[in-house]
A.B. asks: 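Can you read through this structure? Questions will come right after.
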Amino acid sequence: MAQPRLIFGVLLSAAVSAGAGMAAGQAGVGAGQATVRVEPAHLSGPRALAEQTEQAAIRDYLESWQTMCAALEQNQPGLLNADFTGTAKDKLSETIHEQEAAGIDTRYEARAHDLQIVFYSPEGLSIELIDNVDYDVQVFDQGKSVSTEPVHARYIVLLTPAEVRWRVRVLQAE
Amino acid sequence: MTGLSAMMCCAAMVLVSLAAGQAAMAQSSGLTLPSSIAAGSAFSIQTSGSGAGTLYIVGPGQVIKRDVQGGGAAFISAGSLHNAGQYLVILTGNGPSETQALTVTPAAQPAALSFLAKPSRLPVGLSDGITGAVYVFDAYQNLITAPEPVNFELSSPAQPEQTRTVITRNGAAWTEMNSTAHQGNDKFVARIGSVTSMRVVEQVPGDPCGLQMTASPAGSEVKLATAPVRDCSGNAVPDGTVVTFTEAYGNSQSTVDVPIKRGIAAVEMPAHPGALISVASGVVMGNQIRWER
C-alpha cells in the first residue's frame, strides 16, 4: 500500500520532486517552512495519473500558494498571472482590490499542507486535489497588525493545464 | 414610541428573524455571528461593548471592512459576502481585538456547469469513446461540493438517447458514452435541474468494411472499381478516403492510390494476363481478383 510522503522545505517546488521518497519524521522544520505531506492519489476518474503529472501538479500548486501569499501581502494582483486563471484569479484579484481600498494587507503563512489528488478528468484537462492546510493569518490595517490567528482549512483546488504548467482555476476552502 | 426607538425595534426584529434561519451561532465575548452561512446570504454580526470600533471579515476570497459602534450590529446584506471559504471576523476597538471564524458555504442551487467533453469528432461504433466531466457551480462561481446528481445525455436523430446519472464527488462528475452507429452531429448534454450545458460531438464513418471491387476489360487495360465504400455500420465512407489498388504479375508490382469519389474508387491499370489484383484502404483489405484475359 502506498504511503504518504513527507516533504519539507522553503523551496517547495524543488522539494516535491527531490524529496518524494523522504520518510516521515525526517529533518526539522525551520521558521517559515511548511511541512508538505502528499497522500497517495485516490482517483474517482478512469484516467491513470502518471507520477510525473502528479509531481508537476503538486509542485505548481504549492508555487501557486506562495504566489497567492505574496500577492495578498503586497496587494499586487499582477503576481497572480503566472499561477492562477479563471475564477480563482478573478476572486483573488477582487480580494486584493478590496484590501487596497480598505487599507488592509494580509500575511498568510502556511505551516502544513496535507495534499491528495482526488480526480483526474478523463480527457486530462483538469486535476482536482484536496489540501488540508494549517496556516497563520496576520491582518494589517494601515500597516498596523490588528490580528494574528491560526487557521485550519480544507481547500478544494482545481488545476488546469496551461502551456508549460498547471494553473489554479478554483481555490476554495470549506 | 419615538422614531429612533421604532427603528431600533425594527432592527432587532430583523436580527431575530435572520438568526432564526441560520445555523449555530458562534459567540466570543465581543462578537455574536453564525458559524456558517450560505454564499450571498444576508446575516448580522452583533457586537458588545461600547465606543467606535472596526469590523473586518477577511479571507483569500473576500475582504470586508466596516466601522461599527460597540453594542450595535453590523448587517451584511444579501450578496455582499458571496465567495465560499473560511473567513476571520475581527472586531477591534477600545479593548483587545475579538476574532471569530466564519465559514461561507456554496449556495445550494446550481447555476452553472463547466462541461468538458472529448473528443469533438470520432468514428461511429466506439464503446466508451466519448467522455464527459462536469464541475458544478453556484451563481457566485463557487464549486458546489455537496453531492448532486448530474444527468448526462447523448442523443442522435437516428438512435435512442443514452443517459447516465452520476452523483458528484467534491463537485465533479464524469461519464463515458458509446458513439452511435450512425454518422452525424450528436448532442451531448450535462444537466442538473434546469441547468444544462451542451456539446456537439461529430460522429464520422469508421474504417471501410467489406471492401469489394470488380474488374472489367477496357481495351488494353483493366478497369477496376469498388462497390460503394461503407463502414461496418453502413455509413458511406467520405469522399477523399484513399483506396489502394495493387497489381502483381511475374516479378513486378504496380500500386495506385485513388481517392474515393462519389462513394466509389475507380482506376484503370494495364491488363496483364495472370495478374493478381488486390484492393485495400488503410489497414483494411478487400477482395482479390486474378486477371486471366
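Letters A, B, ... mirror the listed sequences (proteins, then strands); counts begin at 1.
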A.B. asks: Closer than 3.5 angstrom, by distance alone: can the side chain of A:Glu98 be matched with the main-chain N or O of B:Val63 as a donor-acceptor pair?
C.D. replies: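 Pair found, side chain donor or acceptor close to backbone of B:Val63.
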A.B. asks: Counting only non-hydrogen atoms closer than 4.5 Å, can you tell me which residues of residues 108-124 of chain B sit against chain A?
C.D. replies: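 So the qualifying residues are B:Leu116, B:Lys118.
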A.B. asks: How many angstroms lie between CG in B:Leu88 and CD in A:Glu149, if you round to the nearest 0.5 Å?
C.D. replies: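 Between atom CG of B:Leu88 and atom CD of A:Glu149 there are 6.0 Å.
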A.B. asks: So does A:Val151 get a backbone contact from the side chain of B:Gln86, meaning a donor-acceptor N/O pair under 3.5 Å?
C.D. replies: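 Flag not set: sc B:Gln86 to bb A:Val151 has no pair under 3.5 Å.
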A.B. asks: Once rounded to the nearest 0.5 Å, what's the spacing between atom CD of A:Glu94 and atom CG of B:Asn83?
C.D. replies: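 So the CD of A:Glu94 and the CG of B:Asn83 are separated by 5.5 Å.
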A.B. asks: So B:Tyr135 and A:Val170, do their side chains get closer than 4.5 Å, heavy atoms only?
C.D. replies: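 Side-chain contact under 4.5 Å: no.
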A.B. asks: Could you tell me if the side chain of B:Gln141 sits less than 4.5 Å from the side chain of A:Asp90, heavy atoms only?
C.D. replies: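 The answer is no; the side chains never approach within 4.5 Å.
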A.B. asks: Can you tell me if A:Glu174 uses its side chain to pair, donor with acceptor, with the backbone of B:Gly85 under 3.5 Å?
C.D. replies: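 Not confirmed, A:Glu174 side chain does not pair with B:Gly85 backbone.
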A.B. asks: Nearest 0.5 Å, what's the CD1-CD distance between B:Ile130 and A:Glu123?
C.D. replies: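 Output value for this atom pair is 13.5 Å.
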A.B. asks: Report which part of B:Ser97 has an atom under 4.5 Å of a heavy atom belonging to chain A: side chain, backbone, both, or neither.
C.D. replies: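 For B:Ser97, side-chain heavy atoms alone lie under 4.5 Å from chain A.
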A.B. asks: With sequence neighbours left out, write down each residue that passes side-chain hydrogen bond (donor to acceptor under 3.5 Å, both in side chains) with A:Glu128, or none if nothing qualifies.
C.D. replies: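 Partners of A:Glu128 by the side-chain hydrogen bond (donor to acceptor under 3.5 Å, both in side chains) criterion come out as none, since no residue qualifies.
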A.B. asks: Would A:Val139 and B:Ile90 satisfy side-chain contact (heavy atoms from CB on, under 4.5 Å), going step by step from the backbone distance to the final call?
C.D. replies: CA-CA 9 Å; A:Val139 181; B:Ile90 304 160; 3.7 Å; yes
A.B. asks: Start with the C-alpha distance between A:Asp141 and B:Lys65, add both sets of side-chain angles, then the distance that settles side-chain contact (heavy atoms from CB on, under 4.5 Å), and finish with yes or no.
C.D. replies: CA-CA 10 Å; A:Asp141 190 346; B:Lys65 179 184 175 185; 3.0 Å; yes
A.B. asks: Kindly indicate whether the side chain of B:Val58, heavy atoms from C-beta on, has any atom under 4.5 Å from the side chain of A:Thr106.
C.D. replies: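 Answer yes - side chains close enough.
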A.B. asks: Among A:Ala153, A:Ser126, A:Ser121, A:Ala101, who wins on heavy-atom pairs under 4.5 Å with chain B?
C.D. replies: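 With the most close heavy-atom pairs to chain B, the winner is A:Ser126.
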A.B. asks: Quick one: which of B:Leu143, B:Thr145, B:Thr103 has the most heavy-atom pairs under 4.5 Å with chain A, could you say?
C.D. replies: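 Option with the greatest count: B:Leu143.
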A.B. asks: Using every non-hydrogen atom in the two residues, find where B:Pro60 and A:Leu92 come nearest and quote the distance to one decimal.
C.D. replies: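 Smallest heavy-atom distance, with atoms named: O-CD2, 3.4 Å.
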A.B. asks: Between B:Tyr87 and chain A, which part of the residue has a heavy atom less than 4.5 Å away: side chain, backbone, both or neither?
C.D. replies: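 Neither; nothing under 4.5 Å.
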A.B. asks: Report, by ascending residue number, the residues of residues 166-185 of chain B in heavy-atom contact with chain A at a distance under 4.5 Å; give 'none' if the set is empty.
C.D. replies: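 B:Arg169, B:Asn170, B:Ala172, B:Trp174, B:Glu176, listed by number.
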A.B. asks: Can you tell which part of A:Leu158 gets under 4.5 Å to a heavy atom of chain B, answering side chain, backbone, both or neither?
C.D. replies: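 For A:Leu158, the side chain is the part near chain B, not the backbone.
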A.B. asks: If you count every heavy atom of other residues, nucleotides or ligands that lies below 6.0 Å from A:His42 atom NE2, does the total exceed 12?
C.D. replies: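 At most 12 heavy atoms, drawn from other residues, nucleotides or ligands, come within 6.0 Å of this atom.
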A.B. asks: For A:Ile130, is it the side chain, the backbone, both, or neither that has a heavy atom closer than 4.5 Å to a heavy atom of chain B?
C.D. replies: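 Contact with chain B is through the side chain of A:Ile130 alone.
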A.B. asks: Let me know if B:Asn142 has heavy atoms under 4.5 Å from chain A in its side chain, its backbone, both or neither.
C.D. replies: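 When you check distances to chain A, atoms from both the backbone and side chain of B:Asn142 fall under 4.5 Å.
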A.B. asks: Considering non-hydrogen atoms only, spot the tightest contact between B:Gly59 and A:Thr95 and give its length.
C.D. replies: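 Where B:Gly59 meets A:Thr95 most closely, the heavy atoms are O-CG2, 3.5 Å.
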A.B. asks: At a heavy-atom separation under 4.5 Å, does B:Pro96 approach chain A through its side chain, its backbone, both, or neither?
C.D. replies: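 Contact with chain A is absent: no heavy atom of B:Pro96 under 4.5 Å.
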A.B. asks: With a 4.5 angstrom heavy-atom cut-off, which part of A:Ser44 approaches chain B: side chain, backbone, both or neither?
C.D. replies: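 Both parts, backbone and side chain.
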A.B. asks: With B:Arg191, which residues qualify under salt bridge (Lys or Arg N to Asp or Glu O under 4.0 Å), at least two apart?
C.D. replies: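 With sequence neighbours excluded, B:Arg191 shows a salt bridge (Lys or Arg N to Asp or Glu O under 4.0 Å) to B:Glu153, given in chain and number order.
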